[in-house]
Amino acid sequence: MKILVTNDDGIDSPGIHALVHALRTIGHVTVVAPDRQQSAVGHALTVSSPLRAIPFHRDGEMFGYAINGTPADCVKLGISSLLTAKPDLVVSGINHGANTSINILYSGTVSAATEAMMMGIPAIAVSLTSFSYDADMSGAADYATRIAQQMTSYNLPKGTLLNVNVPAIPAGLLKGMRFTQLSKSMWEDKYEKRYDPMEREYYWIRGTYHTIEADGNTDDGAVAEGYVSVTPIHYQLTDIHTLQSLRAL
Ligand code: MN
């Protein structure tokens, strides 16, 4: 199996390292990932400046291509120009921090998988519910690998991707996998006002996450109960119901 791996936390993040290490046991992995932190860039593309693919080494060997662009750029550039063959699977992650509820719209991790889905390639986004760079990624890497392996026999519909969230608890305590829908949870955003050394004010976003309608059948609920949440995501953006009602006017 040929697997393209990317992320949004940057090619040097511990999450992508753990993912690549695990996926190499089941397939041939190529890494094309942003050269810096790109969290919450959503599905942005770089159109006004050139992209460069710089070989990135880790532990003395070639790890992948570092791109001065977004996660969606990495998937597009990787598949169109860097890989010698179309991958069988694209895996994005392991993200440092959950990607649940409507907030997946902001996620660079999920958007990389969305880009692959748009290109007709099976795709998985994987996130661990901890922002810590010291977090134990072994459970998430293990589940990502098991799900990736099952993708070879399961025919994921074109136009659907899998969004996986893994609770940040010791791997041995994970209760298994649960298939879920997005919860209705929301961030309540606040912009903290601070002052720079020149005494000019600046703002930094700081939110509180409110869990709403997050029972055990939802992503946030399953994760809270110690399950690995797997949500099938598709993007049918036309509101068919309102379309029909407008046409009936
Ligand atoms: Mn991220």
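Order of listing sets the numbers, starting from 1, for every ligand and every atom in it. Small disclaimer: the values here were computed from a predicted structure and weren't measured. Worth knowing before you read on, the calculation uses all heavy atoms, side chains too, and leaves out hydrogens, waters and symmetry mates.
Looking at Ser132, its side chain does come within 3.5 Å of a backbone N or O of Asp134 through a donor-acceptor pair.
Scored by the side-chain hydrogen bond (donor to acceptor under 3.5 Å, both in side chains) test, Arg194 finds Glu192 as partners (sequence neighbours excluded). A search for side-chain hydrogen bond (donor to acceptor under 3.5 Å, both in side chains) contacts involving Thr30 returns nothing, not counting sequence neighbours.
The hydrophobic cluster around Tyr209 extends to Trp187, counting ILVMFWY residues whose side-chain heavy atoms fall within less than 4.5 Å of a member.
Near the Mn ion (ligand 1), less than 2.8 Å away, sit the protein N, O or S atoms Asp8 OD1, Asp9 OD1, Ser39 OG, Asn95 OD1.
Salt bridge present: Lys76 and Glu115 bring a charged side-chain N and a carboxylate O closer than 4.0 Å.
Centroid-to-centroid, the aromatic rings of Tyr133 and His96 come within less than 6.0 Å.
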